[in-house]
Amino acid sequence: MNFELTPQQIELRDAARKLSKEVFQDKAARWDREEEFPEENKKLLCELGYLGLSVAEEHGGSGLGLVDTYLVIEEIAKVDLATALIVHEQNVSPRIIATCAPKALQERLMPKFISGELECSIAWTEPEAGSDAASVTTTAVRDGDHYVVNGQKVFTTYGDRADLHLVYARFEPSKGAKGVGTLLVEQGSPGLAVHKIQHKMGVRGASENELFFDNVRVPIDNVVTMGSAENSKGFVQTLTIYNATRVGMGVMALGVAEGAFELARDYMMVRKQFGQRLADMQGLRWMMADMWIQIEAARGLCYRALSAIDAGKPDPCMSSVAKVYATEMAQQVVLNCQQMFGGYGYFGLLPLERMFRDVRMLTITGGTTQTQKNAIANHIFPR
Ligand SMILES: Cc1cc2nc3c(=O)[nH]c(=O)nc-3n(C[C@H](O)[C@H](O)[C@H](O)COP(=O)(O)OP(=O)(O)OC[C@H]3O[C@@H](n4cnc5c(N)ncnc54)[C@H](O)[C@@H]3O)c2cc1C
């Protein structure tokens, strides 16, 4: 068991830390305030080769492990979750295509994902199919050399700006989860309508959207995984990628918690009340010590789960454990750090208020805390 980072990993992490502090930190409030996608950050991340870090070299990616990739994302999340999410998302849908799609589709799309030319949203959740993700009712019905898609999606991140949507649809209505497959719907296809969801709480540099499919015709070449009774891989195959995505949510939460912790620590060393620094008050020192313990525990859980995936021995239960612990921990840590700033922490002039709103998302998306606990309990009590 080795807990040490390699010299290359330290170099990668430190470069991402420098970039985050020097370039991303000061602009983070703007994306939130203006509800604007951090386009210039994405451009820079692309130029520096941060998109597709975990995508295999044969597909034009960097071929790095998930541990390496999330060391970078953690550093960015310390200062700006909206920008960290760009790197995270650009490492999810391309990995699905690289792992599950037919070769022709991979060759057509992968170079464009890595160059940042193409973005792909993941359109899975529906109004009546949230945690129960296998119950999607959007249909894909064969008609000659096309599939005709009908249905509705909700909460699709980047649905308004993505060039492609990876849509989870029912290919064989009577086959349960086995009948669910995925296909790529191009933005602007006739019959596709996209509505941005308003009044979002946090991570306002990313948008969530409703997608409406009214007889949208999709060429058969755009099928990523076929949902059929004969090929049950269709639905299950893409789930292996979400195993890592789930831990990724945990790592981003870890980053936000660390960012908030550092701000609180620095403030406590200068703020004085009753003639002493906050950093010298025993009750507050213990709060900080408790948070330090929780942050270190989350780090251990997340990177252990990612190491297992990198080693080809994914442990879905560990991924759920890491996600639940890190995301719930981060909510509490950000709240406690905000408390250290007293009244000042309540206002948007400091990043704490934004961090509190941002981190809230991570216990919900990628599988809620409750559904992850169901998975953990199923591991404890096998059916
Ligand atoms: C900011 C944001 C971004 C998102 N991005 C995307 C995206 O890009 N693509 C996409 O497809 N989806 C996305 N989602 C959707 C997200 O995955 C779902 O919101 C999530 O899976 C929960 O589904 P739901 O909202 O329908 O809640 P529900 O499933 O209705 O759950 C409601 C509550 O009941 C609990 N619950 C449900 N079932 C059980 C159970 N069996 N036992 C105990 N408790 C249970 C849940 O934990 C939750 O607390 C996003 C959501 C958010 C908030």
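Both counts, for ligands and for their atoms, begin at 1 and track the order of listing.
Of the inter-residue distances, the one linking D214 atom CG with L192 atom CG reads 10.0 Å to the nearest 0.5 angstrom. Annotation: the span from F24 atom CZ to L44 atom CG amounts to 5.0 Å, rounded to 0.5 Å.
Aromatic ring centroids of Y158 and F37 lie under 6.0 Å apart. Aromatic rings of F261 and W292 (six-membered ring for Trp) have centroids within the 6.0 Å cut-off, being under it. In this structure, H59 has its ring center at least 6.0 angstrom away from the ring center of F113.
Surrounding CD of E296 are more than 12 heavy atoms belonging to other residues, nucleotides or ligands, all under 6.0 Å away. Counting heavy-atom neighbours within 6.0 Å of Y344 OH, excluding the residue itself, gives a total of 12 or less.
The shortest N or O to N or O distance between D132 and ligand 1 is not under 3.5 Å. Where the criterion is an N or O separation shorter than 3.5 Å, residue side chain and backbone included, E126 fails it with respect to ligand 1. Polar contact with ligand 1: absent for G367 (N/O pair, distance under 3.5 Å). For S131, a nitrogen or oxygen atom sits less than 3.5 Å from a nitrogen or oxygen atom of ligand 1, counting backbone and side chain alike. Geometrically, ligand 1 and V154 share no nitrogen or oxygen pair separated by less than 3.5 Å. Taking distance alone, with nitrogen or oxygen atoms compared against 3.5 Å, T156 stays at or beyond that limit from ligand 1.
Ranking the protein heavy atoms by distance from atom 44 (N) of ligand 1 puts Q370 CB, 3.4 Å first. Among protein heavy atoms, the minimum distance from atom 15 (C) of ligand 1 is reached at T125 OG1, 3.3 Å. Annotation: atom 26 (O) of ligand 1 to nearest protein heavy atom, G130 CA, 3.2 Å. Protein heavy atom at the shortest distance from atom 52 (C) of ligand 1 is T365 CB, 4.0 Å. In terms of protein heavy-atom proximity, atom 6 (C) of ligand 1 is closest to F155 O, 2.8 Å. For atom 46 (C) of ligand 1, the closest non-hydrogen atom of the protein is T368 OG1, 3.6 Å. Here the protein heavy atom with the shortest distance to atom 20 (C) of ligand 1 is I364 O, 3.8 Å.
Tested against S121 for a side chain to side chain donor-acceptor pair (under 3.5 Å), the candidates K153, R161, H165 yield a single pass: H165.
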Stepwise salt bridge (Lys or Arg N to Asp or Glu O under 4.0 Å) check, E258 with R299: CA-CA 10 Å; E258 289 171 300; R299 189 195 316 286; 2.9 Å; yes
CA sep, side-chain torsions, deciding dist, call: R271, F341, side chain to side chain contact (heavy atoms under 4.5 Å, CB included): CA-CA 9 Å; R271 175 70 172 171; F341 286 86; over 6 Å; no
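Partners of E328 under the side-chain contact (heavy atoms from CB on, under 4.5 Å) rule, at least two apart in sequence or in another chain, are V324, Q331, T363, T369. Here D280 pairs with R277 under the salt bridge (Lys or Arg N to Asp or Glu O under 4.0 Å) rule; sequence neighbours left out.
At a heavy-atom distance under 4.0 Å, only side-chain atoms of N374, from C-beta outward, approach ligand 1. When heavy-atom distances to ligand 1 are checked against a 4.0 Å cut-off, K153 has no atom that comes that close, whether in backbone or side chain. When heavy-atom distances to ligand 1 are checked against a 4.0 Å cut-off, T157 comes that close through both its backbone and its side chain.
Which parts of ligand 1 touch I122 is read off a 4.0 Å heavy-atom cut-off, strictly below it: atoms 7 (C), 8 (O), 9 (N), 10 (C), 11 (O).
For atom 10 (C) of ligand 1, the protein comes within 4.0 Å by at least one heavy atom. Put simply, atom 32 (C) of ligand 1 has no protein non-hydrogen atoms near it, under 4.0 Å away. Distance screen at 4.0 Å: atom 41 (N) of ligand 1 has a protein heavy-atom neighbour inside the cut-off.
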